[in-house]
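First comes the structure, then the notes that go with it.
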There are 2 protein chains.
Amino acid sequence: MTTESRRGARRSRATTLTDVARLAGVSVATASKALNGRDQVKAETRVRVVEAAERLSFSPNALARGLLQGRSGTVGLITSDLDGRFSIPVLMGAEDAFGTGSVSVFLCDARGDAIRERHHVNALLSQRVDGLIVVGYQTDPRPSLGPDLPVPVVYAYAPSESPDDVSITADNVEAGAMAVEHLLSCGRRRIAHISGDPTYTAAQDRSRGALRALDDAGLSMVGDQTYFGAWTEAWGRAAARLVHRQHPDLDAIFCGSDQIARGVLDTLGELGRDVPRDVSVIGFDNWEAIATGARPALTSIDMNLETIGERAAKRLFRAIDGDAPSGVESVSCRLVTRESTLTLD
Amino acid sequence: MTTESRRGARRSRATTLTDVARLAGVSVATASKALNGRDQVKAETRVRVVEAAERLSFSPNALARGLLQGRSGTVGLITSDLDGRFSIPVLMGAEDAFGTGSVSVFLCDARGDAIRERHHVNALLSQRVDGLIVVGYQTDPRPSLGPDLPVPVVYAYAPSESPDDVSITADNVEAGAMAVEHLLSCGRRRIAHISGDPTYTAAQDRSRGALRALDDAGLSMVGDQTYFGAWTEAWGRAAARLVHRQHPDLDAIFCGSDQIARGVLDTLGELGRDVPRDVSVIGFDNWEAIATGARPALTSIDMNLETIGERAAKRLFRAIDGDAPSGVESVSCRLVTRESTLTLD
DNA sequence: CTGAAAGCGCTTACAG
DNA sequence: CTGAAAGCGCTTACAG
C-alpha cells in the first residue's frame with residue numbers, strides 16, 4: 001500500500017437552497033419554485049435561479065425533501081442470494097424500470113437468514129423507503145413479511161405464501177411445455193426429461209408442463225418418469241448414461257438446467273451419439289457462459305428474469321400510488337434456439 | 001393475474017418520537033436521549049421510554065436524523081456490470097464489512113456508460129450518501145470521478161487512473177507467479193500459458209507473473225509466448241490443439257480463466273492425454289460452477305474479490321472519518337487446489 | 001409573481 | 001435528571 005497523501009475530512013459544507021437564493025437575489029421559497037418547475041415564477045427569475053444553482057453545483061438535499069413530503073424517493077431491494085444467478089437479472093430489470101436517477105435503490109442481501117432479513121427490513125423502514133421488493137432464488141413460495149408493514153411490498157421470482165401479497169414469478173409449467181413442444185417440432189418423439197433437485201417447485205413445475213405437452217401429443221416420457229437428481233453437470237452425466245442404457249432409442253433430452261445439459265452432452269459424446277443429429281438436447285436457464293460455451297451450443301429456456309424485475313418495479317410503483325391488486329402474476333419464459341436442437345432436414 | 005383485493009394507500013402516519021414521548025410522559029428531548037443511550041437520563045425513565053417505543057413499534061426517521069447530523073448512514077455502490085461475475089463478490093464483501101443495519105447501501109449499475117454513471121453519482125449525492133465505492137469489472141485503470149466530490153470515493157477491482165484516489169485491486173502478477181509455482185511444485189517443467197484478450201491488463205499481468213516465476217526456476221514458457229485469444233471455452237479448445245501440435249511434450253497448461261481451462265480439458269481429452277497424469281491444468285477465477293463441474297475438477301486461482309470489497313468498505317469508513325491515505329492497495333489471490341493438478345506420486 | 005412563516009422529525013446545546 | 005428552544009434544508013399554503 002502506498003501512502004502518498006493523507007487528506008483530512010475538511011470537506012466544505014454542501015451548498016443549500018439558501019445559497020442559491022442569495023446568489024440569485026430571491027427568497028428560498030421562490031428559488032424552490034423556480035427549480036421545481038412551479039409555474040408561478042417569472043421566466044426571467046427562473047433563469048437567474050437556475051444559473052445560480054448551476055454556478056454553485058447545487059444538489060438538492062433529498063433528505064430534507066423526503067422528510068417534508070413523506071416520500072424518500074428510495075426503494076429497498078432484499079435478496080437472499082446475491083451470488084446466485086437468479087437475483088441479479090431481476091434486480092437489473094427493476095433498476096431499469098425505476099429509471100436512472102429518479103428512484104434510488106437500496107440493496108440488501110439477507111443470505112437466506114430470516115433474522116438478517118428482519119434487520120434489513122427495519123433498517124430500510126428507518127430509511128423511510130417508499131416500498132420494498134423481495135427477491136428469492138427459487139420459485140418455492142416464501143414466508144410473507146406480513147400485512148403490517150407501513151410500505152407496500154412486491155415479491156419477485158419467489159412468490160409470497162400469502163395470497164394477500166403481490167408476487168411476480170416465472171411460469172415454469174408453461175416453460176416445461178414449451179421445451180417439449182420445441183423438441184416435438186424438431187420431429188422428436190422419444191423424449192426423456194433429466195432434472196435437478198425434486199424438492200424444488202421449479203423442478204416439479206417444469207416436469208408437469210413437459211408431461212402435459214407430451215400427453216397432448218399422445219406421447220409419454222421415455223422411462224415413464226422424470227429423472228430427478230441434482231442441478232449439476234455430474235448428475236447430467238450420470239443420468240444420461242443411465243437413461244441411455246435403458247432406452248438407447250431416445251431421440252431427445254429435455255434438461256432441467258444448462259449445467260445438467262452440459263453433463264448430458266458430455267455423456268452423449270462419449271457414447272458416440274451425435275447432437276443434434278441423433279439426439280436433440282435442450283437446457284434451461286439460458287446461462288450464457290454455459291450455453292454458448294457448450295459444443296454444440298445449447299438451446300435453452302430463458303426465464304425472462306429481467307422482465308420479472310421490471311414488472312415487480314412497476315407493480316411496486318402502482319402500489320405506492322395506492323393501487324395494489326394482490327395475487328401472483330406469472331411471466332412467460334422464452335425459447336432461445338441454438339445448435340443443440342437444430343433440425344437438419 | 002388474479003385480483004383478489006385492491007387495497008388503497010390508506011397507510012397510517014408512521015409513529016414519531018413525539019408519539020413515544022407522549023406515551024412515556026416525557027418530552028421529546030428526553031425521549032431522544034433515552035433511546036440513544038445518552039447518560040443524562042434516569043434509569044427508570046429510560047425504561048418507560050424504551051417500552052413506549054416498543055409498544056408503538058417506533059422506527060426512528062433516518063431522514064430527519066441525517067438532515068440534522070449531516071450524515072445519512074448510507075453509502076453508494078456504483079458498478080459497471082452487475083451481470084458480470086466480478087462485481088457481485090466485491091459487493092458482498094463490502095456489504096459484510098458495512099454490517100447489517102448500521103449502514104445502508106445504494107446500488108447503481110452504470111452499464112459501463114459514463115453518462116449514466118454521472119446521473120447515478122448525482123442522484124447519490126442528492127441522497128447525501130456519506131461515501132461512494134466504484135466497482136469495475138476488470139483491472140484496467142478507469143477514469144477518476146474527479147477530486148471535487150463532496151464525499152470520499154474508493155475504487156474497487158478497477159483502480160482509478162489518478163494516484164490521488166484510493167483504489168483496491170487484485171494482484172494479478174503475483175497470481176500468475178502463484179499458478180506457475182504450483183505447477184512447478186507438482187513436478188511440471190514444460191508449462192504453456194493460454195490466456196484471454198491481451199488488451200486486458202489482467203491478462204498481461206498474469207502473463208508477466210508466470211514468466212517471472214518460470215524465469216526464477218530457469219525455465220521458459222512452452223512456445224516462448226503466452227497464447228492470447230479470448231476468454232472463452234472455444235479459444236481454450238483451439239489454442240490447446242495448436243499448442244499441443246507444436247509441443248506435444250508439454251506437461252502443464254496455465255489457463256487465464258476457468259472457461260479457457262474447460263476448453264483445454266476438452267481438447268486434451270480428445271487427444272487422449274490424461275489430466276492430471278500426463279498434463280496438469282490450472283484455471284483462473286475459481287468460478288465454482290465451472291471449476292467444480294469440470295472433469296477432473298479444476299484447480300484454480302481465486303482473486304479474493306470478497307476481500308477486495310471488504311477492504312474497500314473499511315477504507316471508505318476511514319476516509320469518511322477523515323483518514324484517507326491515497327494510492328493503490330493490492331489484495332493477494334489464493335490457490336484453490338482440485339483434481340486437475342493432483343500430484344499422483 | 002414574490003416572500004414570510006410554518007413545519008416535516010429529529011438532536012443538541014442550554015437553562016433549570 | 002428534564003424540558004423548551006433552535007435548527008438541519010427544504011416545500012407549501014397563505015398573504016401581499
Side-chain angles (χ1 to χ4, degrees), chain A residues 11-50 52-53 56-74 123 125-130 150-151, chain B residues 11-50 52-53 56-74 123 125-130 150-151:
Chain A
R11 302 182 175 280
S12 54
R13 183 181 61 79
T15 44
T16 72
L17 191 57
T18 307
D19 302 326
V20 174
R22 189 179 307 125
L23 180 59
V26 298
S27 70
V28 282
T30 301
S32 170
K33 288 169 200 155
L35 292 177
N36 291 305
R38 296 275 169 288
D39 50 2
Q40 329 99 309
V41 180
K42 214 201 306 185
E44 180 195 7
T45 308
R46 188 188 306 278
V47 172
R48 267 213 327 282
V49 174
V50 169
L56 301 175
S57 321
F58 172 64
S59 167
N61 187 322
L63 272 46
R65 178 180 288 169
L67 184 56
L68 207 53
Q69 302 193 325
R71 273 208 194 181
S72 61
T74 64
L125 292 178
S126 214
Q127 293 290 348
R128 292 298 186 265
V129 292
D130 297 329
V151 298
Chain B
R11 301 184 177 281
S12 54
R13 182 182 61 78
T15 47
T16 72
L17 191 57
T18 308
D19 302 326
V20 175
R22 188 179 309 124
L23 181 58
V26 297
S27 70
V28 283
T30 300
S32 170
K33 288 169 201 154
L35 292 177
N36 290 306
R38 294 276 170 286
D39 51 2
Q40 329 99 308
V41 179
K42 212 203 303 184
E44 177 195 10
T45 309
R46 189 189 305 279
V47 171
R48 269 213 327 280
V49 174
V50 169
L56 300 175
S57 324
F58 172 64
S59 165
N61 187 324
L63 272 48
R65 177 180 289 171
L67 184 55
L68 207 53
Q69 302 194 323
R71 274 208 193 180
S72 60
T74 64
L125 292 178
S126 214
Q127 293 289 349
R128 293 298 187 265
V129 291
D130 298 328
V151 297

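Just so it is clear, the model here is predicted, and its values are computed rather than measured. Protein chains get the first letters and strands the later ones, always in sequence-line order, with residue 1 at the start of each.
Sorted by first then second residue, the side chain to side chain donor-acceptor pair (under 3.5 Å) pairs that include residues 20-34 of chain A, not counting sequence neighbours, are A:Ser27-A:Thr30, A:Ser32-A:Asn36. Legend: salt bridge (charged side-chain N to carboxylate O under 4.0 Å, His left out) pairs involving residues 56-70 of chain B, not counting sequence neighbours: none detected.
From A:Asn61, atom CG reaches atom CG of A:Leu68 across 11.5 Å, with rounding to the nearest 0.5 Å. The structure places CG of B:Leu63 at 11.0 Å from CD of A:Gln69, a figure rounded to the nearest 0.5 Å.
The stretch residues 17-25 of chain A touches DNA chain D through A:Leu17, each having a heavy atom within less than 4.0 Å of the strand. Residues of residues 28-42 of chain A having a heavy atom closer than 4.0 Å to DNA chain D, listed by number: A:Ala29, A:Ser32, A:Lys33, A:Asn36, A:Arg38. If you check residues 61-73 of chain B against DNA chain C, the residues with a heavy atom closer than 4.0 Å are B:Asn61, B:Ala64, B:Arg65, B:Leu68, B:Gln69, listed by number.
In this structure, the side-chain contact (heavy atoms from CB on, under 4.5 Å) partners of B:Leu23, at least two apart in sequence or on a different chain, are B:Ala52, B:Arg55, B:Leu56. Partners of B:Ser126 according to the side chain to side chain donor-acceptor pair (under 3.5 Å) rule, which considers only residues two or more places apart in sequence or in another chain, do not exist here. For B:Arg128, the side chain to side chain donor-acceptor pair (under 3.5 Å) test picks out A:Ser59, with sequence neighbours left out. Considering only residues two or more places apart in sequence or on other chains, A:Val50 meets the side-chain contact (heavy atoms from CB on, under 4.5 Å) condition with A:Leu35, A:Arg46, A:Glu54. Looking at residues two or more places apart in sequence or on another chain, you find a salt bridge (charged side-chain N to carboxylate O under 4.0 Å, His left out) between B:Arg71 and B:Asp321.
In terms of heavy-atom proximity, B:Thr15 sits nearest to B:Ser57 at OG1-O, 3.9 Å. Nearest heavy atoms, A:Ser72 versus A:Val129: OG-CA, 3.7 Å. Across all non-hydrogen atoms, the minimal contact from A:Gly70 to A:Asp130 is O-OD1, 4.5 Å.
Around the CD atom of A:Gln40, the shell of radius 6.0 Å holds more than 12 heavy atoms that belong to other residues, nucleotides or ligands.
Here the range on DNA chain D touched by chain B, meaning any atom under 4.0 Å from one of its heavy atoms, is D:dC1 to D:dG9.
With the 3.5 Å cutoff on both pairing distances, Watson-Crick and G-U pairs in DNA chain C assemble into runs of at least 3 at C:1-3 with D:14-16, C:5-12 with D:5-12, C:14-16 with D:1-3.
Residues B:Gln127 and A:Thr74 meet the side-chain proximity criterion, which asks for heavy atoms closer than 4.5 Å.
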Show the numbers, then the answer: is there a side-chain contact (heavy atoms from CB on, under 4.5 Å) between B:Val20 and B:Val49? CA-CA 7 Å; B:Val20 175; B:Val49 174; 4.1 Å; yes
